[in-house]
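Here's the structure, in structure tokens; my notes come after.
Chain letters run A, B, ... following the sequence lines, proteins first, then strands; residues in each count from 1.
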Number of protein chains: 2
Amino acid sequence: MKRSKQPTIVDVASEAGVSIATVSNVLNRRKVPMSPETIRKVEEAVVQLGYRRNVMATNLSRRRSYELGLIIPHFGGYYGRFAEKLEQKVHSFGYHLSVFSAAGMDPVIEKRHLEHLLQRRVDGLVSHGLAMSMQSTQQLVGEGTPLVIFNGWGWPSDIVKLAVNLDFAKASTEAVQHFLAGGCRSIIYAGRRKGMGANEQRIQGFMEGLGDKAKSTVHALLDAGELGIEGTLEEALRISGEQRPIGIYTFNDALALELLAVCHERGIRVPEDVQLIGMDNELFSKSSFPSITSFDMPVELQTRLVAAFLMRQIGEDLDEENTQLLDEYLPHIHGHELFIDLEMIVRKSTTT
Amino acid sequence: MKRSKQPTIVDVASEAGVSIATVSNVLNRRKVPMSPETIRKVEEAVVQLGYRRNVMATNLSRRRSYELGLIIPHFGGYYGRFAEKLEQKVHSFGYHLSVFSAAGMDPVIEKRHLEHLLQRRVDGLVSHGLAMSMQSTQQLVGEGTPLVIFNGWGWPSDIVKLAVNLDFAKASTEAVQHFLAGGCRSIIYAGRRKGMGANEQRIQGFMEGLGDKAKSTVHALLDAGELGIEGTLEEALRISGEQRPIGIYTFNDALALELLAVCHERGIRVPEDVQLIGMDNELFSKSSFPSITSFDMPVELQTRLVAAFLMRQIGEDLDEENTQLLDEYLPHIHGHELFIDLEMIVRKSTTT
DNA sequence: CTGTTAGCGCATTCAA
DNA sequence: TTGAATGCGCTAACAG
């Protein structure tokens, strides 16, 4: 070791008795022909000195970082699973994924993370439908770095290259129809205004699901964030009056579980008096009592699409499989928004 | 914009009509005196060109990254909360936190992430008790980068500067005694061998909790990973025979919830026939039916300690608050392992 | 096959 | 107050 601390290729070169270019060549397994002897000497020197490449220098020189950034509202549940899957996918392309949580839907933190990622010159960005304004995003990201959104609606294509969205609207329609088929005489949506686009999608699908039954069926849109859990249930009961059973479709499973707990407290039977459908298919939804009907999130497909598209955008060439994947899905795109179906998992909260 | 893409300080300098040194000075708000006019011109040029600093170049030059790395087994539950909190803490010191999930306890992925972080020359590392061998860790991390472990036991101090551990042993003792006080006549621990150190800590505390009652009380250590959920319950029932109620202490809340589900299926009453205590105080534990007695994880305290210690290790000077924090806790250290108490949250799964 | 050299974008003396 | 010069660790032509 020469100067302050960690050995550099200069050290390795002198230790191996070759030039730094040679070291760089063997380190990067370049196609230039070299004698096995040289290779051996270099590799020996590397372990000998405990050399570790400095990626900052490498990237600076390469003018590429081989790094991608992901911004999610939090690490829990669906988002955490998404992050893990995506990490695997991009790794198979030789990229690293840096994950940042925006602490809820805080636009300030979101902005900070985005800025940091950009300063790090990531080659691409993936984000949930951002809470920050489209204008800020536009200004921040600009043309330079390709940005792919997941579960974000209404983003102009000059900012976002592609939006890979779960079809919450369609799922919501399905939920309502499931309630109807299950004999529900009143149907409530318990949402979260802070859910932003995802919430609106659900509402839209909810109304579509009611269709002509909208007039003959008691229904309402509630905001659980505002009313609280107890308030939401009370309001649902009040609105429904004698029209039982009540079908309550919730923003997510967590909310459904909380409602379930309140039902237990008050002796309201599920699914006899109240039927519940959640969203996310969290682990606990299978094990709760009764188990909760929910929609499974196709994280695998979603991350595969995101990764494949981003890779192509960056200029990596795709293998057969990924090419096929894009060929299959991109033609069915609405503008630049792609929709993926969710699968309903029917459980005891809607089945007698 | 001059060459390939993004503007550099050179561009800013020429746009503002000053030298790059000056640009650098105003960008870093250095103490060197400069005319307000110059500052204005530079700042104007910055927004004008949409200049964004390149951290790779900055760090390379500074020989510091102001970045920390965190490795966790997954993003869910406790670990996700830990990551979020820690991110906040280190940010207040002007550092960034890059979080990587090791996809369970996979030593290979763990190693890959560690190596990447090291290549990025992070200033410090935080990790859960690693699954990879201490020898690999030793070799990988060496002396260079300070490493702080959380929930890892038995790491030699030449590898790990500090281990900030939750006192699972003590909590487990408490759990057993709670069962005893609650009239349990047989007590089972349902663990996970893959939980590694955390599992052993629980077992140790479990046995201590039994104390002299160990002979007179039916008890057993089961491995839920091996037996499966149903198998675990069956085995617990078999071992207990007529000795009811049975107290089952589980590795975590997720496991407790799954056992609860099986109990419901089989008509086993909780808490009359079986009492349950979990660990983690997950959100669903409060809302399950019945709600699950659990231990709350003091993530706030744990991350504060980790951050404060790491910052001091790196050479940042701490404010009053953090100094006090370390002064309070470090003296009570066992070797280089710090223990933090957990708080039991008593709920319906253990209360009649 | 191997070595020389010119950057990559920025920080930091040291002079002016 | 400001600017020219040097270095951070590595890549990538280009010679040899």
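Of the listed nucleotides (D/dT2, D/dT11, C/dA11), D/dT2 has the atom at the smallest distance from the side chain of B/Met34. Listed candidates were C/dC8, D/dC10, C/dC1. Nearest to the side chain of A/Tyr51 is D/dC10. The nucleotide whose nearest atom lies closest to any side-chain atom of A/Ala21 is, among D/dG9, D/dA13, C/dT12, D/dA13. With C/dA11, D/dC10, C/dT2 as the choices, the nucleotide that has an atom nearest any side-chain atom of A/Thr22 turns out to be C/dT2. Listed nucleotides: D/dC10, D/dC8, C/dC10. Nearest to the side chain of A/Ile9: D/dC10.
B/Asp11 places its CG atom 10 Å from the C1' atom of C/dG9, with the value rounded to the nearest Å. In this structure, A/Ile20 atom CD1 and D/dT11 atom P are separated by 9 Å, rounded to whole Å. The interatomic distance linking B/Leu60 (CG) with D/dC10 (P) rounds to 9 Å, in whole Å. Atom CG in B/Leu27 sits roughly 10 Å away from atom C1' in C/dC10 (whole-Å rounding). Taking atom CG of A/Asn59 as the reference point, atom P of D/dA12 lies 11 Å away to the nearest angstrom.
Each of B/Asn25 and A/Asn54 lies near DNA chain D, and the nucleotide nearest B/Asn25 is the one positioned closer to the 5' end. Mapping B/Val18 and B/Ala57 onto DNA chain D by nearest heavy atom places B/Val18 at the nucleotide closer to the 5' end.
For D/dG9, the base has no donor-acceptor partner in the side chain of A/Ser61 [N/O atoms by modelled type, under 3.5 angstrom].
In this structure, B/Arg64 does not reach the C/dA11 phosphate: none of its side-chain N or O atoms is under 4.0 Å from OP1 or OP2. Between C/dG9 and A/Arg63, a contact under 4.0 Å exists linking OP1 or OP2 to a side-chain N or O. In this structure, B/Ser24 reaches the C/dA11 phosphate: one of its side-chain N or O atoms is under 4.0 Å from OP1 or OP2. OP1 or OP2 of C/dG9 has not a single side-chain nitrogen or oxygen of B/Thr58 nearer than 4.0 Å. Within the structure, every side-chain polar atom (N or O) of A/Thr38 is placed at least 4.0 Å from both OP1 and OP2 of C/dC1.
A donor-acceptor pair shorter than 3.5 Å cannot be found between the side chains of A/Asn54 and B/Gln119. Checking B/Asn28 against B/Arg53 by side-chain atom types alone, a donor-acceptor pair falls below 3.5 Å.
Using a 4.0 Å heavy-atom cutoff across all strands shown, A/Asn28 reaches sugar-phosphate atoms only and no base atom.
Taking the six-membered ring where the residue is Trp, B/His74 and B/Tyr79 present perpendicular rings, their angle passing 60° and hence far from 30°.
By the 4.0 Å N-to-carboxylate-O rule, B/Lys41 lies too far from B/Glu15 to be salt-bridged with it.
With B/Leu125 as the partner, the side-chain contact (heavy atoms from CB on, under 4.5 Å) test is satisfied by one option alone out of B/Val148, B/Leu114, B/Leu310: B/Leu114.
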